[in-house]
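Notes follow once the structure below has been shown.
For this chain, numbers begin at 1 and follow the sequence in order.
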Amino acid sequence: MPKGDQSLVQPTFDQRVWSVVEQIPHGRLATYGQIADLIGAWGCARQVGWALRRLQLPTDVPWHRVVNAKGQISMSPSREGSDWMQRHLLIREGIPVDQEGRLPLKRFLWRPVAISGASSQ
């Protein structure tokens with residue numbers, strides 16, 4: 001195999017997360033746990049959150065469409081304002097979010113048909 005051949009290089013955990021999150025349609029939501037399951041990392045919801053936090057902003061990856069399993073934005077001072085940015089971006093997409101970060105998850109939940117194929121809206 002030639003030295004520069006990258007065809008066998010596996011994507012990192014973060015890259016796998018970002019790739020799935022890129023597929024979430026406008027106006028839809030996914031949970032951290034759902035993304036973990038979709039990349040085959042069951043039980044790694046917290047790690048999905050950290051992968052999204054490592055994104056360099058601005059980004060085309062729609063990180064704001066990922067919320068916790070309770071149907072809430074994970075509000076925290078450690079997010080340095082990204083929780084409020086997330087709320088604003090979701091409202092702009094037509095997803096109602098209250099002041100505590102709660103939203104109607106069941107109504108807006110993304111249900112992908114296949115990870116690499118089309119997704120249902």
Side-chain angles (χ1 to χ4, degrees):
M1 178 169 76
K3 220 176 190 180
D5 187 357
Q6 298 293 315
S7 62
L8 298 178
V9 174
Q10 296 294 316
T12 65
F13 181 88
D14 287 5
Q15 290 168 331
R16 290 168 40 219
V17 167
W18 301 337
S19 177
V20 172
V21 172
E22 285 176 326
Q23 297 180 47
I24 305 170
H26 181 275
R28 293 288 170 198
L29 300 167
T31 66
Y32 297 105
Q34 180 182 10
I35 300 301
D37 291 351
L38 289 169
I39 66 167
W42 301 273
C44 293
R46 189 174 302 261
Q47 289 83 350
V48 167
W50 283 107
L52 293 176
R53 187 171 176 153
R54 284 189 286 272
L55 279 168
Q56 222 168 349
L57 299 178
T59 180
D60 290 333
V61 177
W63 60 272
H64 61 281
R65 297 179 185 150
V66 184
V67 298
N68 69 33
K70 294 178 185 177
Q72 294 179 300
I73 293 171
S74 297
M75 306 293 253
S76 169
S78 69
R79 291 190 59 190
E80 300 172 344
S82 67
D83 43 6
W84 292 103
M85 183 187 309
Q86 182 176 17
R87 180 180 182 278
H88 173 75
L89 291 169
L90 291 173
I91 289 170
R92 262 190 23 199
E93 288 193 20
I95 300 172
V97 184
D98 71 14
Q99 289 297 321
E100 286 76 40
R102 294 181 299 242
L103 38 86
L105 179 61
K106 286 184 182 181
R107 192 165 108 210
F108 291 95
L109 186 65
W110 173 51
R111 292 177 177 83
V113 173
I115 261 319
S116 59
S119 61
S120 66
Q121 296 190 22

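Arg28 approaches Trp110 most closely through the heavy-atom pair CB-CB, 4.0 Å. Looking at every heavy atom in both residues, Tyr32 comes nearest to Ala45 through CB-O, 3.5 Å. Closest of all the heavy-atom pairs between Pro96 and Pro104 is O-CD, 3.3 Å. Residues Leu105 and Ala69 share a closest heavy-atom pair of CD2-O, 3.9 Å.
A single hydrophobic cluster is not seen to contain both Val66 and Trp50; linkage of ILVMFWY side chains at heavy-atom distances under 4.5 Å, directly or through other members, places them apart. The cluster map of Ile, Leu, Val, Met, Phe, Trp and Tyr, joined by side-chain heavy atoms under 4.5 Å apart, puts Trp42 and Leu38 in different clusters.
In this structure, Asn68 contributes its side chain and Gly71 its backbone to a donor-acceptor pair below 3.5 Å. Judged purely by atom type and a 3.5 angstrom limit, Gln23 has no side-chain atom pairing as donor or acceptor with the backbone of Pro112.
Residues Val21 and Pro62 meet the side-chain proximity criterion, which asks for heavy atoms closer than 4.5 Å. Contact annotation: the side chain of Phe108 never approaches that of Glu93 to less than 4.5 Å [non-hydrogen atoms, C-beta and beyond]. You'll find the side chain of Gln10 stays beyond 4.5 Å of the side chain of Arg16, heavy atoms only. Side-chain atoms of Trp63 and Gln86, non-hydrogen and from C-beta on, do get closer than 4.5 Å to each other. Residues Leu90 and Leu29 form a side-chain contact, since some pair of their non-hydrogen atoms from C-beta on lies under 4.5 Å apart.
Of the listed residues (Leu103, Asp98, Val97), just one forms a side chain to side chain contact (heavy atoms under 4.5 Å, CB included) with Glu100, and that residue is Asp98.
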Subject >> Residue pair Ile24, Ile35: steps toward the side-chain contact (heavy atoms from CB on, under 4.5 Å) verdict >> reply: CA-CA 10 Å; Ile24 305 170; Ile35 300 301; 4.2 Å; yes
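Scanning for side chain to side chain contact (heavy atoms under 4.5 Å, CB included) contacts around Ala36 gives Cys44, Val48, with sequence neighbours left out.
From Thr59, atom OG1 reaches atom NE2 of His64 across 11.0 Å, with rounding to the nearest 0.5 Å. In this structure, CZ in Arg65 is found 12.5 Å from CG in Leu52, a value given to the nearest 0.5 Å.
For CG of Asp60, the number of neighbouring non-hydrogen atoms (other residues, nucleotides, ligands) closer than 6.0 Å is 12 at most.
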